Amino acid sequence: MTPVALTIAGSDSSGGAGIQADLKSFAALGVYGASAITALTAQNTTGVSGIHPVPASFVTAQIDAVFSDLDVGAVKIGMVAQAETIVAIADGLKRWAPRHIVLDPVMVATSGDRLLAAEALDALKTMLFPLASLITPNLPEAAALLNEPVAASEADVARQGRQLLAMGCRAVLVKGGHGHGAESIDYLIDGEHSIALAAPRIATANTHGTGCSLSSAIAAGLAKGEAMETAVRNAKAWITDAIAAADRFAVGRGHGPVHHFHRYY
């Protein structure tokens with residue numbers, strides 16, 4: 001069978017993040033990608049100039065159209081924009097019960113622009129976290145979800161990870177890209193283990209879409225039948241190489257995209 005993954009997320013008109021990054025990630029890793037678009041954004045490498053949410057009923061229609069025909073092995077959820085959309089996504093996923101759900105709690109773009117309405121945060125935590133196989137917050141997102149300062153030590157990261165785990169998801173990957181030091185360390189935390197995954201920190205401004213692409217790469221691995229730890233490790237290695245190759249591109253005047261197809265050109 002052809003492995004299939006579905007991304008439920010917003011569109012990035014510049015092609016570096018969101019739905020576009022997700023589909024590129026799926027394709028780069030040998031997975032057929034489908035999509036349900038939650039919002040249109042007018043954005044480029046320097047920022048987001050507009051957001052146009054897709055009506056919740058049409059998000060539902062997209063989800064139902066995909067699941068009624070395709071054998072979806074994993075779902076990645078990215079930008080959800082507003083509370084009504086979260087309700088539609090939660091209802092759709094309960095109806096179709098996919099095997100794996102990777103939730104990237106996107107709140108702020110690389111440029112600093114807000115992508116999630118403040119009043120939707122509680123709905124994200126109460127309605128989508130309990131459905132998720134894995135959530136993938138970065139350090140600032142983990143802190144914002146818990147209304148705490150950004151973790152400054154490994155012990156703080158582990159404690160925040162356990163607090164997020166208690167919200168109902170099966171595992172948490174706290175991403176360390178916003179940290180400091182020679183290594184970027186992510187922490188995979190489930191009910192039994194906390195695993196540190198380190199990679200060299202790469203000096204580049206071209207990191208647009210990094211979080212979207214990592215979560216999509218994990219979903220791709222799960223769609224291919226990989227165990228969670230294996231999928232996370234493989235995705236971490238792939239995104240590290242994609243960031244390292246990002247400077248091969250000269251795209252835009254701000255935070256350029258990572259190189260999703262670094263293995264091919």
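Quantities reported herein were computed from a predicted structural model and do not represent experimental measurements.
Taking hydrophobic clusters as Ile, Leu, Val, Met, Phe, Trp and Tyr residues chained together by side-chain heavy-atom distances below 4.5 Å, Phe261 does not share a cluster with Leu214. No path of Ile, Leu, Val, Met, Phe, Trp and Tyr side chains, each step under 4.5 Å between heavy atoms, connects Val258 with Val251, placing them in separate hydrophobic clusters. Hydrophobic clustering places Ile77 together with Leu70 (ILVMFWY residues linked when any side-chain heavy atoms are closer than 4.5 Å, directly or through intermediates). Criterion: ILVMFWY side-chain heavy atoms under 4.5 Å apart, direct or through other members. Under it, Phe249 and Ile243 are not part of a common hydrophobic cluster.
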Criterion side-chain contact (heavy atoms from CB on, under 4.5 Å) on Asp12 and His208, from CA distance to verdict:
CA-CA 11 Å; Asp12 171 6; His208 185 55; 2.8 Å; yes
Salt bridge (Lys or Arg N to Asp or Glu O under 4.0 Å) between Arg263 and Asp241, intermediate numbers included
CA-CA 9 Å; Arg263 293 177 177 174; Asp241 290 344; 5.6 Å; no
Full working for side-chain contact (heavy atoms from CB on, under 4.5 Å) between Ile218 and Leu173:
CA-CA 11 Å; Ile218 296 169; Leu173 181 69; 3.9 Å; yes
Should Asp104 and Glu141 be marked as a side-chain contact (heavy atoms from CB on, under 4.5 Å) after you check the CA-CA gap, both sets of side-chain angles, and the distance that decides it?
CA-CA 10 Å; Asp104 187 22; Glu141 287 166 345; 4.3 Å; yes
CA sep, side-chain torsions, deciding dist, call: Ile202, Thr240, side-chain contact (heavy atoms from CB on, under 4.5 Å)
CA-CA 8 Å; Ile202 298 162; Thr240 299; 3.9 Å; yes
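Using a 4.5 Å cut-off on side-chain heavy atoms (C-beta onward), Arg95 and Thr60 make contact. For the pair Asp156/Glu148, no side-chain contact is recorded, criterion being any heavy-atom separation below 4.5 Å from C-beta on. Counting heavy atoms from C-beta outward, Thr210 and Lys175 have side chains that stay 4.5 Å or more apart. Considering only heavy atoms from C-beta on, Phe129 comes within 4.5 Å of Leu145 through its side chain. Between Gln160 and Ile189 the shortest side-chain heavy-atom distance does not fall below 4.5 Å. Looking at Ile63 and Trp96, their side chains come closer than 4.5 Å, going by heavy atoms from C-beta outward. Cys169 places none of its side-chain heavy atoms less than 4.5 Å from the side chain of Leu103. Taking the side chain as every heavy atom from C-beta outward, Asp71 and Val4 never approach each other to under 4.5 Å.
Asp186 places a side-chain N or O within donor-acceptor distance of the main-chain N or O of Gly176, the cut-off being under 3.5 Å. Checked by atom type and distance alone, the side chain of His259 pairs as donor or acceptor with a backbone atom of Tyr265 at under 3.5 Å. For the pair Lys76 (side chain) and Cys212 (backbone), a donor-acceptor distance under 3.5 Å is present. Of the possible polar contacts, one joining the Ser133 side chain to the Ile101 backbone as a donor-acceptor pair under 3.5 Å is found. Panel note: side chain Ser11, backbone Leu40; no donor-acceptor pair is recorded below 3.5 Å. Side chain of Ser49 to main chain of Ala42: a donor-acceptor pair is present (N/O by atom type, distance under 3.5 Å, no hydrogens or angles). At least one donor-acceptor pair closer than 3.5 Å links the side chain of Ser13 to the backbone N or O of Gln43. A side-chain donor-acceptor contact under 3.5 Å links Tyr264 to the backbone of Ala28. Looking only at distances, a side-chain donor or acceptor of Asn206 sits under 3.5 Å from a matching main-chain atom of Gly256. With hydrogens and angles disregarded, a donor-acceptor distance shorter than 3.5 Å links the side chain of Lys24 to the backbone of Gly15.
Scanning all heavy atoms of the two residues, the minimum distance from Met79 to Ala39 falls at CE-CB, 3.9 Å. In terms of heavy atoms, Ile37 sits closest to Val59 at O-CG2, 3.8 Å. Arg170 and Arg99 get closest at one heavy-atom pair: NH2-O, 4.1 Å. Scanning both residues, Leu93 and Leu131, for their nearest heavy atoms gives CB-CD1, 4.2 Å. When all heavy atoms are compared, the tightest approach of Phe26 to Ser216 is CE2-O, 3.3 Å. Nearest heavy-atom pair, Ala223 versus Val31, reported as atom, atom and distance to 0.1 Å: CB-CG1, 4.4 Å.
Enclosure of atom CZ in Arg248 by more than 12 non-hydrogen atoms of other residues, nucleotides or ligands within 6.0 angstrom is indicated. The number of heavy-atom neighbours closer than 6.0 Å to CD of Glu154, taken from other residues, nucleotides and ligands shown, is 12 or below.
Atom OG1 of Thr136 is separated from atom CG of Leu188 by 11.0 Å, given to the nearest 0.5 angstrom. Interatomic distance, OG of Ser213 versus CH2 of Trp238, reported as 5.0 Å (0.5 Å rounding). Between atom CG of residue Leu134 and atom CG of residue Asp190 there is a gap of 10.0 Å, rounded to the nearest 0.5 Å. In this structure, His260 NE2 and Leu23 CG are separated by 10.0 Å, a value rounded to the nearest 0.5 Å. With rounding to the nearest 0.5 Å, the separation of CZ in Arg201 from CD1 in Ile185 is 8.0 Å. Note that the CG atom of Leu146 and the NZ atom of Lys125 stand 7.0 Å from one another [nearest 0.5 Å].
Of the residues Leu121, Asp91, Leu124, the one that meets the side chain to side chain contact (heavy atoms under 4.5 Å, CB included) test with Ile86 is Leu124.
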